[in-house]
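The structure appears right after this line, and notes come after that.
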Amino acid sequence: MLKNWKKVSLAAVLLSGLVLGACGNGSDGGNDSGDVTITYGIWDKIQQPGMEAIAEAFEAENPGIDVKVEVTPWDQYWTKLEAGAKGESMPDVFWMHSNEIAKYATGGVLMDLSETYANSEVTSLDHFPEELVELYSADDALYGIPKDYDTIALWYNKTLFDAAGVAYPDETWTWDTMLAAAQTLTDPDNGVYGILAPLNRQEGYHNFIFQNGGYVLSDDKTQSGFRLDETIEAVQWYADLSVKYGVSPTQSQFAENTNLSFFQSGRGAMGFFGSWMTGEMANNDYTAANADVAPLPQGKQAATIFNGLANSVAASTDNEEAALKFVEFLGTEEAMRLQGENGAAIPAYEGTEETFVNAYSQFNMQVYVDQMENAYIKPYSAETARWEDVENNALMPVFDGKATVKEVAADIVAGVEEVLASEK
């Protein structure tokens, strides 16, 4: 659990002794003979203005280097990136996700950024959460610079709460408080549900697992947390919001309408959303006028999942010098403040979080920052997507009311631990 900002030692980075030039294609593709253009690959249109503001600031400080921000939707982003890796045509600099880093950190696909940040005069790894630096590191090499972080919070519809005479959620809320409120707020005649609880890990039941004293993966990443009663109890309680209590839509209903569409149409009084969804809430007329944010309810303890993106550099870039200059700039306080001020995401650079909070002053954004005090890094391993699929598929009948978590736990344990064993 992240109790406070930890400082990561640069010793491992400095000892790596890896030469960045050996990872690329040689010289800086024209940087010595004139202007050079580098590409910056991202997947979120809402964050595009923030990334372009950073690019413009960088260009002003580095005449002769142009940065082209390229947006590819999430569903196509990884397909395009994988194809680019095989054909050595990746963007020069691009976003990296915790689910994908292990895959791309092998085979010389990503450039090692250790030396760049060890020698930087404008930034330092000490400014970022240790867990995120570790997440994007492997074998004493640094393959991604933390870009942002996110936590999960409880969004609620003030108008529906007021109409039902229910007090707004706050830091004193427990699972029982939330359930009682959801039961009062559920209005079948008008198609309104008190809470939105889809089969979702990061924004859903994984948070409840940690709140109940369980875990998803053991610290040594050899065992599934579904061996534990605490994990089984938490997931069953979450699933029961729909299956037993009827205060959440069914999974078939979620297949037709996302939890976001339920919430933004006034058919969900409460929902769990990551901080990266704030732009969606602000840009929607209904949620901008009717919604606000509160901490997640507590179980045995307060807890939230925490994750973050990183910026990586393609080892195959023909513009190595320019790309490294840009990825170094992306990790500066100046760039991080621009990211927050433009409402892109919570900057990973310590002390710049208030820029994001202030960008969305209509909502109680401080909740997301404060929850870092009780944050657990998003469960990951070398093959995260594989064991997540195992977990998701096994839980489908639970969320359809056709099985209990206890009945499928053994299958989850066997499947997840088979994946984890194959990583060794």
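Computation of the quantities below employed the complete heavy-atom set of this structure, encompassing side-chain atoms and omitting hydrogens, waters and symmetry-equivalent molecules.
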Answer whether the closest heavy-atom distance between the side chains of [X] and [Y] falls below 4.5 Å.
X: Glu230; Y: Lys300; answer: yes
X: Ile46; Y: Asn283; answer: yes
X: Phe306; Y: Tyr149; answer: yes
X: Arg386; Y: Ser422; answer: yes
X: Trp276; Y: Leu309; answer: no
X: Gln223; Y: Glu417; answer: yes
X: Met90; Y: Leu81; answer: yes
X: Glu280; Y: Asn284; answer: no

Nearest-0.5 Å distance that lies between atom [atom1] in [X] and atom [atom2] in [Y]:
X: Asn311; Y: Phe94; atom1: CG; atom2: CZ; result: 9.5 Å
X: Thr278; Y: Tyr368; atom1: OG1; atom2: OH; result: 4.5 Å
X: Met336; Y: Leu330; atom1: CE; atom2: CG; result: 7.5 Å
X: Asp148; Y: Asp150; atom1: CG; atom2: CG; result: 6.5 Å
X: Asp411; Y: Ser224; atom1: CG; atom2: OG; result: 11.0 Å
X: Asn99; Y: Glu383; atom1: CG; atom2: CD; result: 11.0 Å

* To do: Under the side-chain hydrogen bond (donor to acceptor under 3.5 Å, both in side chains) rule, collect the residues that match up with Glu341, sequence neighbours excluded.
  => none
Is it the case that more than 12 heavy atoms not belonging to [X] sit under 6.0 Å from its [atom1] atom?
X: Glu418; atom1: CD; result: no
X: Asp285; atom1: CG; result: no
X: Lys45; atom1: NZ; result: no

Report the relative orientation of the aromatic rings in [X] and [Y]; use parallel for angles under 30°, tilted for 30 to 60°, perpendicular for over 60°.
X: Phe273; Y: Phe263; result: tilted
X: Trp43; Y: Tyr77; result: perpendicular
X: His97; Y: Trp78; result: perpendicular

* To do: Taking only Lys NZ, Arg NE, NH1 and NH2, and the carboxylate oxygens of Asp or Glu, determine whether Lys378 and Glu388 approach each other closer than 4.0 Å.
  => yes
* Pair Arg337 + Glu354, salt bridge at N-O below 4.0 Å -> yes
Looking at every non-hydrogen atom in both residues, tell me the closest pair between [X] and [Y] and how far apart they are.
X: Ala335; Y: Ile54; result: O-CD1, 3.4 Å
X: Ala57; Y: Leu338; result: CB-CD1, 3.6 Å
X: Ala314; Y: Met111; result: O-CE, 3.8 Å
X: Ile152; Y: Gly274; result: CD1-CA, 3.7 Å
X: Ser381; Y: Leu217; result: CB-CD1, 4.4 Å
X: Asp92; Y: Thr317; result: OD1-OG1, 2.6 Å

Does the [X] side chain pair with the main chain of [Y], one donor and one acceptor, at a distance under 3.5 Å?
X: Thr304; Y: Gln371; value: no
X: Gln211; Y: Ala234; value: no
X: Thr184; Y: Ala180; value: yes
X: Thr186; Y: Gly194; value: yes
X: Lys221; Y: Leu420; value: no
X: Ser114; Y: Leu142; value: yes
X: Asp400; Y: Lys402; value: no

* So, Gln236 versus Asp240: side-chain donor-acceptor pair below 3.5 Å or not? -> yes
* To do: Return yes if a side-chain donor-acceptor contact under 3.5 Å exists between Asp176 and Thr174, otherwise no.
  => no
Results of side chain to side chain contact (heavy atoms under 4.5 Å, CB included) for [X] - residues two or more places apart only:
X: Asn392; answer: Leu199, Arg201, Met396
X: Asp292; answer: Tyr156, Lys158, Phe363, Asn364
X: Pro146; answer: Phe128, Leu132, Val133, Ala348

With [X], which residues qualify under salt bridge (charged side-chain N to carboxylate O under 4.0 Å, His left out), at least two apart?
X: Glu82; value: Lys86, Lys103
X: Glu423; value: none
X: Glu52; value: none

* **Inter- and intrachain pairs under ring pair (Phe, Tyr, Trp, His ring centres under 6.0 Å), touching residues 177-214, at least two apart** => Trp175-Phe208, Phe208-Trp237, Phe208-Tyr238, Phe208-Phe272, Phe210-Tyr376
* Could you walk me through whether Glu353 and Met372 pass side-chain contact (heavy atoms from CB on, under 4.5 Å), step by step? => CA-CA 11 Å; Glu353 304 91 338; Met372 281 293 280; over 6 Å; no
With sequence neighbours left out, write down each residue that passes ring pair (Phe, Tyr, Trp, His ring centres under 6.0 Å) with [X], or none if nothing qualifies.
X: Phe58; result: Phe326, Phe329
X: Tyr245; result: none
X: Tyr215; result: none
X: Phe262; result: Phe254

* Asked: Yes or no on side-chain contact (heavy atoms from CB on, under 4.5 Å) for Leu260 and Met281, after CA distance, side-chain angles and deciding distance?
  -> CA-CA 9 Å; Leu260 180 62; Met281 300 298 188; 3.9 Å; yes
* **Test side-chain contact (heavy atoms from CB on, under 4.5 Å) applied to Val192 and Leu185, step by step** => CA-CA 8 Å; Val192 174; Leu185 290 158; 5.8 Å; no
* Tell me, with the steps shown, if Leu154 and Ile195 meet side-chain contact (heavy atoms from CB on, under 4.5 Å). => CA-CA 10 Å; Leu154 179 68; Ile195 190 74; 4.0 Å; yes
